[in-house]
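Scroll down for the structure; my scribbles are underneath it.
If you're wondering where the values come from, they're calculated on a predicted model, not measured in any experiment. Just so you know, residue 1 is the first one in the sequence shown, and it goes up from there.
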Amino acid sequence: MTGAPGPGPIRVLIADDQRVVRDGLRVLVGLIDDVEVVGTACDGAEAVRLAEDHRPDVVLMDLRMPGTDGIAATADLRQRLPDTRVLVLTTYADEDAIVPALRAGARGYLTKDASAEQIEAAIHAVHAGQTHLEPAVQERLVTAVLSRGPAPTPAAGPAVPGPGQKPPGGLTARETEVLTLLAAGLSNAEIGQRLYLSHATVKTHINRIFAKTGARDRAQAVRYAYQHGLATPAQ
């Protein structure tokens with residue numbers, strides 16, 4: 001994991017091949033109080049060049065661009081500027097786009113119908129070193145994993161819980177509730193409202209869930225929930 005974010009505004013670079021989208025995002029992102037847009041790029045190659053010049057904290061990256069696409073640019077940035085985090089913002093939310101982008105090193109993934117509030121939240125999350133996946137993207141990713149069938153389970157690993165069985169991994173009943181809501185795409189604040197818990201208590205539960213399941217971030221915790229029968233994809 002990279003170092004903690006430094007003081008000052010979050011420096012954002014925007015990469016998209018459509019000028020109207022770039023200009024619109026520059027205005028929208030520029031309205032966020034603690035964010036500074038340091039440049040815009042029309043393709044992946046320009047994004048890498050500008051990132052090396054400006055050293056942004058976050059690159060808001062489209063995927064399908066002429067020349068060097070967003071996936072190749074993300075992989076290049078991961079090697080050249082490991083402290084720069086890539087947040088994908090694209091039209092496409094299919095497995096063929098999501099999985100390669102995450103493998104290339106993207107820390108977040110949004111579709112272009114995301115609201116201004118969702119984009120702001122994603123920028124802050126990715127800047128803080130968290131993985132941020134839009135709920136619809138998260139669901140498609142987990143569905144893709146499950147469609148390949150279960151992975152071999154180690155002999156000492158937890159079993160899928162059945163009726164009357166305790167949750168896996170030593171999770172408490174409350175932690176199981178929190179994990180189930182997390183897998184449904186709820187934010188910490190929404191989980192707190194649903195379960196009548198404070199923000200600090202929700203955060204404590206999530207940290208304990210991470211420790212017990214071995215998850216490094218929310219995306220891995222969500223995958224654990226689906227693999228162990230604590231959540232099911234929407235039909």
Linking I/L/V/M/F/W/Y whenever any side-chain heavy atoms sit under 4.5 Å apart, do Tyr226 and Ile209 land together?
yes

Side chain to side chain, Asp57 and Arg11, heavy atoms closer than 4.5 Å:
yes

Salt-bridge contact Asp62-Arg22 (side-chain N to carboxylate O under 4.0 Å):
no

Main chain of Gly105, side chain of Thr74: is a donor-acceptor contact present, judged purely on distance under 3.5 Å?
no

Quick one: are Val137 and Val88 in side-chain contact, heavy atoms under 4.5 Å?
no

Taking the side chain as everything from C-beta on, heavy atoms only, tell me whether Asp43 gets closer than 4.5 Å to Thr68.
no

Are Val12 and Leu50 joined in one hydrophobic group, where the rule is that I, L, V, M, F, W and Y side chains link up if heavy atoms are under 4.5 Å apart?
no

As a test of understanding, state which of Thr91, Asp16, Leu89 forms a side chain to side chain contact (heavy atoms under 4.5 Å, CB included) with Val21.
Asp16

Please assess Asp83 against Arg55 for the test salt bridge (Lys or Arg N to Asp or Glu O under 4.0 Å), listing each intermediate value before the final yes or no.
CA-CA 9 Å; Asp83 289 338; Arg55 303 293 169 127; over 6 Å; no

Side-chain heavy atoms of Asn188 within contact of Arg218, under 4.5 Å
yes

May I ask you to test the Glu177-Arg174 pair for a side-chain heavy-atom distance under 4.5 Å?
yes

Could you walk me through whether Glu46 and Arg49 pass salt bridge (Lys or Arg N to Asp or Glu O under 4.0 Å), step by step?
CA-CA 5 Å; Glu46 186 176 23; Arg49 288 197 302 271; 5.0 Å; no

Looking at side-chain heavy atoms only, is the closest gap between His205 and Ile191 below 4.5 Å?
no

In terms of hydrophobic clustering (I, L, V, M, F, W, Y; side-chain heavy atoms under 4.5 Å; direct or indirect links), are Leu87 and Leu63 co-clustered?
no

Check: Ile10 and His124 side chains under 4.5 Å, non-hydrogen atoms
yes

Given side chain to side chain contact (heavy atoms under 4.5 Å, CB included), test Thr111 with Glu134 step by step and report yes or no.
CA-CA 8 Å; Thr111 56; Glu134 183 178 302; 2.8 Å; yes

Looking at every non-hydrogen atom in both residues, tell me the closest pair between Pro56 and Val38 and how far apart they are.
CB-CG2, 4.1 Å

State yes or no: do Leu31 and Val37 share one hydrophobic cluster built from I, L, V, M, F, W and Y residues joined by side-chain heavy-atom distances below 4.5 Å, directly or via other members?
no

Look only at the side chain of Thr40 and the backbone of Ile14, and say whether a donor-acceptor pair between them is shorter than 3.5 Å.
no

Are Ile123 and Val86 grouped together when hydrophobic residues (ILVMFWY) are joined by side-chain heavy atoms under 4.5 angstrom apart?
no

Ignoring hydrogens and angles, tell me if any N or O in the side chain of Asp217 forms a donor-acceptor pair with the backbone of Gln220 under 3.5 Å.
yes

Expected output: side-chain Glu175 to main-chain Leu171 donor-acceptor under 3.5 Å
no

Heavy atoms of other groups near Lys203 NZ, more than 12 under 6.0 Å:
no

Does the side chain of Tyr224 reach to within under 4.5 Å of the side chain of Leu179, using non-hydrogen atoms?
yes

Taking atom OG1 of Thr90 and atom CE of Met61, what is their separation to the nearest 0.5 Å?
11.5 Å

